[in-house]
Amino acid sequence: MELVEERPFRFRIEPHGDMRVPGVVFASRELLEDAEQSLRQVVNVATLPGIVGASYAMPDVHWGYGFPIGGVAATAVDEGGVVSPGGVGFDISCGVRLLAADCAGREIERALPAVMDGLGQVIPRGAGPGGVWKPSGRSELERILRGGSRYAVEQGHGEERDLTRCEDGGTVADADVAQVSGRAQERGLGQVGSLGSANHFLEVQQVAEVYDETVAAAFGVALGQVCVMVHCGSRGLGHQICTDHVRAMDWAMARYGITVPDRQLACTPVDSPEGRDYLGAMAAAANYGRANRQLLSDATRRIFRREVGARLSLVYDVSHNLAKIETHVVDGTRRRLCVHRKGATRAFPPGHPELPNDIREFGQPVLIPGTMGTASYLLTGVTGGDAFFSTCHGAGRVMSRHAAARTITGKDLRTRLERDGIAVRPKSLRSLAEETPEAYKDVDAVVAASEGAGLCRTVARLVPLGVVKG
DNA sequence: ATGTTC
């Protein structure tokens, strides 16, 4: 694969074969070692009908289902552009929420074990069923799928700021519950308010560095402050929706005369029954993901109130696995686009009309969860941001789960983390080993490349005090 | 990511 370095942290793959647009990869040479497979996927995505601009890859790009994780692709809705479930991923609306406590790390040092024990008891995690909230039945699940975080807050599980500081005000419009299969609903019923497994986590963190005090203050964080970061998605419900709609599109594609270089890129026009059906189901999963993070926040707040008398305010909640209909100027014309972000975070620039009033002038908060035991970042969107205002989403795995578990035992890893001052409350020691930091890229390098490429700006760096994992 | 291979 020939990569032409256009400028630092920006590489280009010239269109060849069936590519309709170039590939654009934001990264350093080091971050792209062993990236052959994911760059092949960047090229494949560039062949999709209606794609505009480029097939983009963020610095944390790695191999995924059809599309690379860390990929951004926008299609022109009014020019036959397609939507593809593979461009969103199986964990629809997987995302991150950051809450800031009204206390500093040193103030809760002695109480931290009790806080972690409390969280360890109330946060459902790991594969399979379990959740903090059991919907009364299908009709209540449907209210969650339509209302998202707004419904959870209306039911007493949050406060108004939880909605103003959440992407889309907590609710994605146009959720179509009829497109969520019975099987997807069945899986979703038992997992409302649960973390899941793999790289999902709930961490108690401390702000270790502030790069821009004005922006940090506006977002609601300061040096030394305790924060809670929640990283999770739409669990089995989102997974089932992706499975169902990939299958439907795989069958329907030929009727639209669409051929793709990889069946995992199954897609149909946005403006087709199958496209609308998927986007309706995806919106329902997006609402489920937000409600999920809202309910985990609610449970966390109860523990913080009980153990240390602290309050937690929402900094922001943003998804990094979603397709959205957005208007952007491409080649000098305003166009309605379906922007697929898969393992990529929307990063609206300062002044964007969709941002909350109190932080609009500073840009959109972007939340980057690091690898367990390392660091996480609070970033902000920038003027002139490329890739339809998108940036990275995390560290990005480089070692298979199996390979990771061979490097260290869960017990040894727990000992190492505790020795480094990080309390761990894992559900499974085997899963813990699979998440060893060595299995991931260096989040500091990923963030430096994202900032160097002009996609975002750093606001603060957070380090873990305690981690709750599946 | 995922009732971790319908």
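Values below: all heavy atoms of this structure, side chains included; hydrogens, waters and symmetry mates excluded.
- Here the C1' atom of nucleotide B:dA1 and the CG atom of A:L237 are 13 Å apart, to the nearest Å.
- A:R397 comes within 4.0 angstrom of no nucleic acid atom, judged by non-hydrogen atoms across all strands.
- One interatomic measurement links the two molecules: CZ of A:R401 to C1' of B:dT2, which rounds to 11 Å at whole-angstrom precision.
- Regarding A:F67, its CZ atom lies at a distance of 19 Å from the P atom of B:dA1, rounded to whole Å.
- Following rounding to the nearest Å, A:L432 (CG) and B:dT4 (C1') show an atom-to-atom distance of 17 Å.
- Put simply, NE2 on A:H402 is 13 Å from P on B:dT5, counting in whole angstrom units.
- Atom CZ of A:F90 is separated from atom C1' of B:dT4 by 13 Å (rounded to the nearest Å).
- Looking only at distances, a side-chain donor or acceptor of A:S400 sits under 3.5 Å from a matching main-chain atom of A:A403.
- Formation of a donor-acceptor pair under 3.5 Å by the A:R461 side chain with backbone atoms of A:Y377 is not found in this model.
- Of the residues in residues 239-249 of chain A, those with a non-hydrogen atom less than 4.0 angstrom from any atom of DNA chain B are A:H239.
- Remark: P of B:dT4 and CD of A:E434 are 13 Å apart, rounded to the nearest angstrom.
- Across all strands shown, A:G236 has heavy atoms under 4.0 Å from sugar-phosphate atoms exclusively, and none from any base.
- Listed nucleotides B:dT2, B:dC6, B:dT4 differ in distance to A:A127; the shortest reach to its side chain belongs to B:dT4.
- Side-chain contact annotation: A:D244 with A:Y278, donor-acceptor N/O pair under 3.5 Å absent.
- For the 3.5 Å distance criterion, the side chains of A:R235 and A:H239 fail to qualify, holding no donor opposite an acceptor.
- If you measure from atom CD1 of A:I69 to atom P of B:dA1, you get 8 Å, rounded to the nearest angstrom.
- In this structure, the ring-ring contact (aromatic ring centres under 6.0 Å, His included) partners of A:H340, at least two apart in sequence or on a different chain, are A:F67.
- Take A:H231 and apply the ring-ring contact (aromatic ring centres under 6.0 Å, His included) test, not counting sequence neighbours, and it matches A:H200, A:F201, A:H320.
- For B:dT2, one of the phosphate oxygens OP1 or OP2 lies less than 4.0 angstrom from a side-chain nitrogen or oxygen of A:R235.
- Listed here is the closest heavy atom pair of A:V270 and A:T75: CG2-OG1, 4.2 Å.
- Here A:Q191 lies in heavy-atom contact (under 4.0 Å) with sugar-phosphate atoms only.
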